[in-house]
Protein chains: 2
Amino acid sequence: MSLVTNTDVPEPIGAASPTCLLRDVLDRVGDKWSVLVMALLGDGPRRYSELQRSIEGISQRMLTLTLRSLERDGLVRRTVTPTSPPRVDYALTPVGETLSVEVSSLIRWAERHREYVATSRLRYDA
Amino acid sequence: MSLVTNTDVPEPIGAASPTCLLRDVLDRVGDKWSVLVMALLGDGPRRYSELQRSIEGISQRMLTLTLRSLERDGLVRRTVTPTSPPRVDYALTPVGETLSVEVSSLIRWAERHREYVATSRLRYDA
DNA sequence: CTGGATCCCCAATGATACTG
DNA sequence: CAGTATCATTGGGGATCCAG
């Protein structure tokens, strides 16, 4: 189960070997909105406007950029219905589903422990 | 299992209610280094210098700031042994252990799917 | 409704030098 | 060894306007 120190000369974590995209993938999780978008889509497909209403404080620009990145990574599928006005639905791909499980788990962790974190900060700042 | 849409009028995810620190906690996971530090400490306590050597590309400044934040949040415990030269060990708190499990799971996801993501990007860019 | 294009800013990060 | 202090940078993200 050792993640990085299972060899005598441990490879630095996040090392930039040609095939190592750990940093890239973590950056996806690390950006401000991807985790929330993935969690929402985990409940089922959503329209662009639904996502925007559901995510507090996201701008059009960032929602679009986030969705484009997720689509590029093969995690989200974009479906355009050329009606007037146009309708665009976003859904997870099969691989996206597996990531959604992870990030949803993370969000539940945050919800379970946010009170602990809050009191820890108060204590530390005193 | 619904994460955010289990009510008729769904609460915006990440909403800034007084007690909602979801954003803060996610920001901790979202910064560039916390995830890697938590994953490493999941294998057991580490000295400052061990962490620095193990994490590719982290600066002294960022390692210190990251550890301070994690300590402030009650996720990491800092132990100083006042020898000469001084020795400082970092270990996960019990709550930190539970977060480490989550982020390690995330890292394993990234490792399992980085090839898929890479090829997805190539295809998208074409 | 679903974006694309622009401008702009600041906070996160890096680099460097110094210290008990 | 384990930091602290300072400065420079940059790109992530917000605001706004426009368009099919």
Side-chain angles (χ1 to χ4, degrees), chain A residues 12-16 22-38 40-41 45-73 76-91 124, chain B residues 12-16 23-38 40-41 45-73 76-91 124-125:
Chain A
I13 196 171
L22 183 58
R23 179 84 268 157
D24 304 69
V25 180
L26 286 183
D27 283 350
R28 172 84 38 258
V29 173
D31 74 29
K32 194 171 178 181
W33 304 109
S34 289
V35 167
L36 297 177
V37 169
M38 291 298 293
L40 275 169
L41 292 181
R46 292 284 187 280
R47 298 186 58 171
Y48 182 87
S49 49
E50 291 177 322
L51 289 172
Q52 184 159 26
R53 274 194 306 274
S54 298
I55 302 178
E56 179 86 7
I58 195 171
S59 63
Q60 280 192 338
R61 168 188 162 78
M62 287 317 297
L63 179 55
T64 299
L65 288 181
T66 300
L67 289 168
R68 288 290 175 277
S69 293
L70 294 173
E71 187 190 6
R72 183 168 107 102
D73 289 353
V76 159
R77 181 169 31 87
R78 180 171 179 269
T79 309
V80 182
T81 309
T83 57
S84 180
R87 173 197 177 108
V88 182
D89 286 271
Y90 292 91
Y124 185 93
Chain B
I13 196 172
R23 179 83 268 157
D24 304 68
V25 180
L26 286 183
D27 282 350
R28 172 84 37 258
V29 173
D31 73 28
K32 195 170 177 181
W33 303 110
S34 290
V35 167
L36 297 178
V37 170
M38 292 298 292
L40 276 170
L41 292 181
R46 293 284 187 280
R47 299 185 57 171
Y48 182 89
S49 50
E50 291 177 323
L51 290 171
Q52 184 160 23
R53 275 193 305 274
S54 299
I55 301 177
E56 181 85 9
I58 194 171
S59 62
Q60 279 193 334
R61 170 188 162 77
M62 287 317 297
L63 179 55
T64 299
L65 287 181
T66 300
L67 289 168
R68 287 289 177 279
S69 291
L70 294 173
E71 188 191 4
R72 183 169 107 101
D73 288 354
V76 159
R77 181 168 31 89
R78 180 172 179 269
T79 309
V80 182
T81 310
T83 57
S84 178
R87 174 197 178 105
V88 182
D89 287 272
Y90 292 91
Y124 185 93
D125 294 342

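In what follows, every chain begins at residue 1, and chains take the letters A, B, ... in the order their sequences are listed. Everything quoted here is computed from the prediction, not taken from an experiment.
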Original post:
So, the side chain of B:Asp27 versus the backbone of B:Gly30: is there a donor-acceptor pair under 3.5 Å, distance only?
Top reply: no
**OP:** Applying side chain to side chain donor-acceptor pair (under 3.5 Å), name anything that partners B:Ser69, two or more places apart in sequence or on another chain.
**Re:** none
**OP:** Report yes if some heavy atom in the side chain of B:Leu26 is under 4.5 Å from a heavy atom in the side chain of A:Lys32; otherwise report no.
**Re:** no
Original post:
Between A:Gln52 (CD) and C:dT2 (P), how many Å, whole number?
Top reply: 9 Å
Original post:
Tell me the salt bridge (Lys or Arg N to Asp or Glu O under 4.0 Å) pairs involving residues 58-72 of chain A, sequence neighbours left out?
Top reply: A:Arg72-B:Asp125
Original post:
Salt bridge check: are B:Asp24 and B:Arg28 linked by an N-O gap of less than 4.0 Å?
Top reply: no
**OP:** Give a yes/no answer on whether the side chain of A:Thr83 brings an N or O atom under 4.0 Å of OP1 or OP2 in C:dC1.
**Re:** no
Would you tabulate the side-chain donor-acceptor contacts of residues 79-88 of chain A under 3.5 Å, counting partners in other chains and residues two or more places apart, or write 'none'?
{"residue": "A:Thr83", "atom": "OG1", "partner": "A:Pro85", "partner atom": "O", "Å": "2.8"}
{"residue": "A:Arg87", "atom": "NE", "partner": "A:Asp89", "partner atom": "OD2", "Å": "2.7"}
{"residue": "A:Arg87", "atom": "NH2", "partner": "A:Asp89", "partner atom": "OD1", "Å": "3.4"}

Original post:
Is the closest side-chain heavy-atom distance between A:Glu50 and A:Leu40 below 4.5 Å?
Top reply: no
**OP:** Could you check if a side-chain atom of A:Leu67 sits within less than 4.5 angstrom of a side-chain atom of A:Leu51, using non-hydrogen atoms only?
**Re:** yes
**OP:** Give me the first and last nucleotide of DNA chain D, going 5' to 3', that has any atom under 4.0 Å from a heavy atom of chain B.
**Re:** D:dC1 to D:dT6
**OP:** Estimate the overall bend of the helix from C:dC1-D:dG20 to C:dG20-D:dC1 from the end axes over five pairs each, rounded to 10 degrees.
**Re:** 50°
Subject >> Protein-to-nucleotide contact annotation, 5' to 3' order, nucleotides 10-17 of chain C [B base; S sugar-phosphate only; - none; under 4.0 Å, heavy atom] >> reply: ---BBB-B
Subject >> Close side-chain approach of B:Thr64 and B:Tyr48, heavy atoms under 4.5 Å >> reply: yes
Subject >> Short side-chain donor-acceptor distance under 3.5 Å, A:Tyr90 and A:Arg46 >> reply: no
